[in-house]
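FYI, side chains are in, hydrogens and waters are out, and symmetry mates aren't considered; it's all heavy atoms of this structure.
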Amino acid sequence: MKQKVIAYWICTAVIALSIGSGGLAQVLRVPQNVEGMTALGYPLHFIVLLGAWKVLGALALLAPGLRLVKEWAYFGIFVDLSGASVASAANGAAAFHVIAPLVLIGILAASWALRPESRRWPGAKTATADAASGAPLLSRERVAHT
């Protein structure tokens, strides 16, 4: 159990540091960061907005509580990373710029899967338990009302 918690925090720290630092660079309009994003076709106002959401998402993953916000942060970070990979591929960027976000998606998925019960949305426990048992993915409440 302790190894699972350690693995969770390592994955979560890597994601929070990667996403949060990149977001901060976008908010602060670091020239290399802005150049890279504008080369992909993004306007400056979107780069700053995306950066602010990245910082907030990284903080949400690290903060205690906020279970629903964490679920949305995981989703938002997934959308950001998958979009980064696709945009880089579509614009002929170096392979690193296509592969690196995909590697981070793997680390993000590990963080999500390993998160402790205290950081899960309450409905996620039932769905995970049902999936492990092979039962249909219906919550107990829904089954009780049918």
Next item on the list: Say whether W53 and I19 are linked into one hydrophobic cluster, either directly or through other cluster members, by side-chain heavy-atom distances under 4.5 angstrom.
Entry: no
Next item on the list: Measure the spacing between CG of L62 and CG of L17 and express it to the nearest 0.5 Å.
Entry: 9.5 Å
Notebook entry, point to check: Between G23 and V55, which heavy-atom pair has the shortest distance, and what is it?
Noted result: C-CG2, 3.7 Å
Notebook entry, point to check: Sub-3.5 Å donor-acceptor pair from the side chain of S82 to the main-chain atoms of V79, do we have one?
Noted result: yes
Expected list for residues 87-99: side-chain donor-acceptor pairs under 3.5 angstrom, two or more places apart:
| unit_1 | atom_1 | unit_2 | atom_2 | d |
| --- | --- | --- | --- | --- |
| S88 | OG | A84 | O | 2.9 |
| S88 | OG | H97 | O | 3.4 |
| N91 | ND2 | A87 | O | 2.8 |

Next item on the list: Return each pair, listed once, that meets ring pair (Phe, Tyr, Trp, His ring centres under 6.0 Å) where at least one residue sits in residues 5-45; pairs must be two or more places apart or across chains.
Entry: Y42-F46
Note to self: Quick check: closest heavy atoms across V69 and A60, and the distance to 0.1 Å?
What the structure shows: CG1-CB, 3.7 Å
Check: Linking I/L/V/M/F/W/Y whenever any side-chain heavy atoms sit under 4.5 Å apart, do F78 and W112 land together?
Finding: yes
Item checked: Backbone of G22 reached by a side-chain donor or acceptor of K54 within 3.5 Å -> no
Notebook entry, point to check: CG/L68 to CZ/R120 distance, rounded to the nearest 0.5 angstrom?
Noted result: 15.0 Å
Notebook entry, point to check: What distance do W72 atom CH2 and W121 atom CH2 have between them, rounded to the nearest 0.5 Å?
Noted result: 11.5 Å
Margin query: Any heavy-atom pair between the side chains of V48 and Q26 that's under 4.5 Å?
Written below: no
Next item on the list: May I ask whether L114 and L108 are part of the same hydrophobic cluster, defined by side-chain heavy atoms of I, L, V, M, F, W, Y residues being less than 4.5 angstrom apart, directly or through others?
Entry: yes
Checklist line | Spacing of OG1 belonging to T12 relative to OH belonging to Y74, to within rounding of 0.5 Å | finding: 4.0 Å
Notebook entry, point to check: Do the non-hydrogen side-chain atoms of L104 and I15 ever get within less than 4.5 Å of each other?
Noted result: yes
Checklist line | Cluster link I77 to L102, ILVMFWY, side chain under 4.5 Å | finding: yes
Note to self: Is there a continuous path of hydrophobic side-chain contacts, each under 4.5 Å between heavy atoms, that joins V103 to V14?
What the structure shows: yes
Check: If only atom types and distance count, is the side chain of K4 paired as donor or acceptor with the main-chain N or O of R115 below 3.5 Å?
Finding: no
Notebook entry, point to check: Any Lys/Arg nitrogen of E71 or R119 sitting under 4.0 Å from an Asp/Glu carboxylate oxygen of the other?
Noted result: no
Notebook entry, point to check: Is there side-chain contact between V30 and L24, with heavy atoms separated by less than 4.5 Å?
Noted result: no
Notebook entry, point to check: How many angstroms lie between atom CD1 of I47 and atom CG of L40, to the nearest 0.5 angstrom?
Noted result: 8.5 Å
